[in-house]
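A quick write-up on the structure given underneath.
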Amino acid sequence: MESGDNSSTAELMSRYVSSELGYGVPKDGWRICLAHEFKEKRKPFQAKDVSLSNIVEHIGLGVRYLKWWYKKTQIEKKAPFIDMFRAIPLRQIYGAPLGGIGGGTITRGWRGEFCRWQLNPGMYHYKTVIANQFTVCLRRGGQTVYQQVLSVERPPTLQGWNWGYCGEYAFYHALYPRAWTVYPLPGQNVTLTCRQVSPVIPHDYQDSSLPVAVFVWDIENKNDYPLDVSIMLTMVNGSGHKDDKSGGHWNEPFHLEKEGESVSGVLLHHCTTVNPYTLCVAAREQSDREISHQTAFSPKGTCGALWGDLITDGRLDSPTGSSPPTEKGEKVAAALAVGCSVPAQGHNDLEFSLAWDMPNITFGSREREHVRRYTRFFGTKADAAPSLSHYALTHYRLWERSIEEWQRPILQDSSLPSWYKSALFNELYFVVDGGTVWTELPEDSDVSGGLRSEDGGLPAQPAIIKEYGRFAYLEGQEYRMYNTYDVHFYASFALIMLWPKLALSLQYDIAGSVVSCDPTERLHLMSGRNSPVKVKNVVPHDIGDPDDEPWQRVNAYLIHDTADWKDLNLKFVLQVYRDFHLTQDTQYLQDMWPICQAVMESEMKFDTDGDGLIENSGYADQTYDGWTATGPSAYCGGLWLASVCVMCKMARLVNNEAVFQRFRDILDRGSAAFDKLLWNGQYYNYDSSGQEFSNSVMSDQCAGQWFLRASGLGDGQFQAFPKEKICSALKSVFDLNVMSFAGGQMGAVNGMRPEGVPDHSSVQSDEVWIGVVYGLAAIMIHEGMLEEGLRTAEGCYRTVWERLGMAFQTPEAYCEKGIYRSLAYMRPLSIWAMQLALDTSQPRDQAPQTTTTPTDQAPQTTTTIPTETEGEPGQKESQDQGHIQ
């Protein structure tokens with residue numbers, strides 16, 4: 001398994017010329033030399049990439065989309081939820097994002113640039129702010145001997161600074177939520193290691209919400225004489241957006257002392273009309289550290305005065321008082337320098353924090369104000385930046401201890417390959433950087449959808465949402481819809497295993513939306529027909545667009561009318577039981593049971609011939625929304641049978657024998673029909689239409705069994721598929737979709753013909769969907785195919801992170817050659833399903849425990865639901881790991 005495991009890493013590090021490995025940098029993670037250049041440059045999938053046959057088939061869609069796009073962008077002046085004409089170009093630059101969950105994010109590139117911003121909730125812009133830099137100053141005997149911006153860039157501005165650090169003398173290493181950059185300063189015998197720490201801590205619902213990050217600079221002096229070392233952080237008041245020049249922004253120095261600790265720094269007040277915020281750069285005061293600042297400077301021209309100020313004595317002038325508000329057209333920046341002495345052959349460190357305080361937010365409609373989760377601990381008055389900085393600088397070591405305790409069992413498991421450890425933790429970036437919002441539930445909110453508990457619905461304010469808030473993340477940074485449910489089905493493993501309260505909170509929101517309706521008619525772009533925005537007793541596609549009013553107006557997606565999609569209702573039922581299995585939260589199961597019954601009742605209409613098996617309707621009526629299915633299909637039919645099986649299990653848990661018998665009968669008849677119509681002796685056909693491509697091999701054909709296994713089911717009384725057929729189907733997928741595609745080096749293609757060529761019948765059948773591949777690997781592991789599962793997933797990791805330069809922006813899809821689709825996508829969080837499979841399948845040495853904890857449960861009420869007896873729940877931790885008081 002370890003064979004060749006470091007070969008690609010060696011390629012990424014091939015231009016590194018130093019032997020220095022940095023201070024405390026871990027072995028596992030994603031590592032790249034700052035001088036590396038990716039050879040392969042891919043283009044985003046756009047309208048021009050659609051084949052002629054598909055253009056003919058979808059000509060109506062194209063015309064309707066063009067009209068809708070023009071109205072949205074040119075008349076309404078809004079951003080379309082999916083922009084087929086202006087896809088984000090690939091920039092092979094991104095590193096680990098800064099900040100906790102739901103408070104906005106600032107992403108740094110692996111070369112150190114501040115380059116991707118999501119401060120307005122769910123809305124991204126991709127601008128490198130060149131003046132945001134770290135600079136080092138070395139002094140010996142009172143004289144500056146070296147001063148350098150720690151950037152490989154040579155920009156046309158700020159030419160009074162010493163740019164152009166040699167990238168061959170630096171490398172970046174990410175093991176999210178931390179990252180390290182190592183700079184062996186050429187000719188100085190000094191190595192700097194910058195460690196970036198964000199408070200992303202499993203089972204923690206306080207510190208994990210904070211919009212802060214800490215930078216720790218470890219300085220190793222390998223000389224025979226001491227040095228004075230200063231690090232300066234420069235920061236523009238803004239994010240590279242046009243509103244940086246809107247005027248009225250101002251900076252001020254601050255000093256905060258509490259609990260025996262003091263911090264100093266500069267506040268950068270960004271005074272926009274909509275969603276104003278304060279940035280804060282700060283350092284902790286210590287007797288042997290010197291903190292100095294420049295409140296305001298103009299980040300244009302040569303900027304030589306600031307450079308000269310630092311070079312003179314290794315410190316800045318530190319003026320008192322605030323800067324005047326900027327004039328329209330002007331930008332303003334601030335600088336903070338921290339200095340210390342480093343003994344000969346010795347070590348010292350310097351600490352900085354970066355915080356951003358935007359406590360009250362509005363989405364694009366501007367109709368309602370929402371309050372971010374972190375305000376529960378730091379207030380809503382927009383004055384929390386000093387306190388956030390103080391807290392970060394005095395608590396980050398506790399955060400790191402919790403992060404290390406969580407990651408250590410997996411990192412130390414020698415049976416797991418190194419690439420997997422990198423993939424598992426680094427793909428988690430999307431929990432934070434998926435346009436994520438985490439808000440408090442307003443006092444007057446009613447999430448029940450109007451149907452209360454006594455009528456078979458939900459409480460107006462479920463205890464779990466009141467206590468843990470509301471959570472939403474985008475389908476992708478380019479596909480701007482919150483909590484896209486058919487995709488969350490895959491990604492949800494990361495939440496239910498690491499922040500189960502957020503997973504359950506999301507489920508309550510979806511459940512409330514199920515029972516609500518919005519009869520407003522609108523045009524759906526694929527069919528050209530008008531139909532209601534939301535139908536009652538159907539799971540929504542998404543809970544809205546951040547450029548509109550999420551939660552209030554659902555179903556931003558308007559390509560298909562998803563009321564007729566076959567997978568959404570089933571994915572809700574499967575997640576309800578999977579979540580109960582992992583949390584044992586009986587109140588949750590009790591609340592969700594009537595909603596499950598309602599959506600299954602709604603789903604029954606898709607069994608048009610009464611054989612116990614639903615049929616697809618001859619269009620792309622499921623998550624593969626560009627791949628038509630007709631009649632019973634492997635994907636939706638399999639999800640249906642798994643859902644029916646789960647309904648049997650839940651009926652037993654709630655002691656409802658009549659419901660059990662009803663679904664038991666459906667399961668028996670449906671399983672027989674599924675085998676008869678779809679099984680071909682080796683695998684389940686794509687669908688049962690008998691059309692030219694109906695016998696394609698679908699990589700995702702075992703999705704139903706995957707969820708049964710993840711829920712401790714799939715055997716004995718609660719079995720939907722014969723084990724030998726599942727194993728045969730998985731072997732066919734491995735042999736054809738994996739090993740017969742791209743030399744077995746790129747994961748599993750969605751559709752493969754039995755003769756061993758990709759299925760080119762649709763725009764999605766010949767794509768690789770990374771999140772689907774990680775789910776496929778998980779079911780392989782559940783079924784005892786560990787080597788095959790790891791080999792399958794490895795192809796995706798190597799392709800995305802090592803060949804294509806898509807670190808921290810894993811796309812939804814790529815083809816064998818040329819194109820990719822939808823950067824920074826939700827579905828690849830499904831890699832945590834692999835970890836669940838590893839945790840719960842055959843015992844392994846040092847098997848890490850990563851599932852949810854008994855102490856991580858919601859307030860419970862007395863209920864008649866017994867604990868599970870059939871299928872033991874996943875391993876539980878003995879304590880709520882990582883919670884910081």
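The model shown is predicted, which means the values in this text are computed figures rather than measured ones.
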Side chains of [X] and [Y], donor plus acceptor under 3.5 Å:
X: D561; Y: S531; result: yes
X: D486; Y: Y557; result: no
X: T623; Y: D567; result: no
X: D625; Y: Q764; result: yes

Restricting to ring-ring contact (aromatic ring centres under 6.0 Å, His included), what partner residues turn up for [X], sequence neighbours left out?
X: Y686; result: W627
X: W679; result: Y684
X: F81; result: W68

**Report entry** D759 backbone acceptor or donor facing N750 side chain under 3.5 Å
**Finding:**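 Side chain of N750 to backbone of D759, a donor-acceptor pair under 3.5 Å: no, none is there.
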[Y] ring center within less than 6.0 Å of [X] ring center:
X: F489; Y: F707; answer: yes
X: Y774; Y: Y490; answer: no
X: W769; Y: Y825; answer: no
X: Y70; Y: F85; answer: no

Only counting residues at least two apart or in another chain, list the ones meeting side-chain contact (heavy atoms from CB on, under 4.5 Å) with [X].
X: D547; value: K78, A79, M123, R480, D545
X: P442; value: D444, S445
X: E692; value: none
X: N530; value: E521, L523

Once salt bridge (Lys or Arg N to Asp or Glu O under 4.0 Å) is applied, do any residues pair with [X], and if so which ones, sequence neighbours excluded?
X: K676; result: none
X: K536; result: none
X: R578; result: none
X: R368; result: none

Report all side-chain donor-acceptor pairs from residues 510-518 shorter than 3.5 Å, counting only partners two or more places apart or in another chain.
| residue | atom | partner | partner atom | Å |
| --- | --- | --- | --- | --- |
| S516 | OG | S513 | O | 2.8 |
| D518 | OD1 | T520 | N | 3.0 |
| D518 | OD1 | T520 | OG1 | 2.6 |

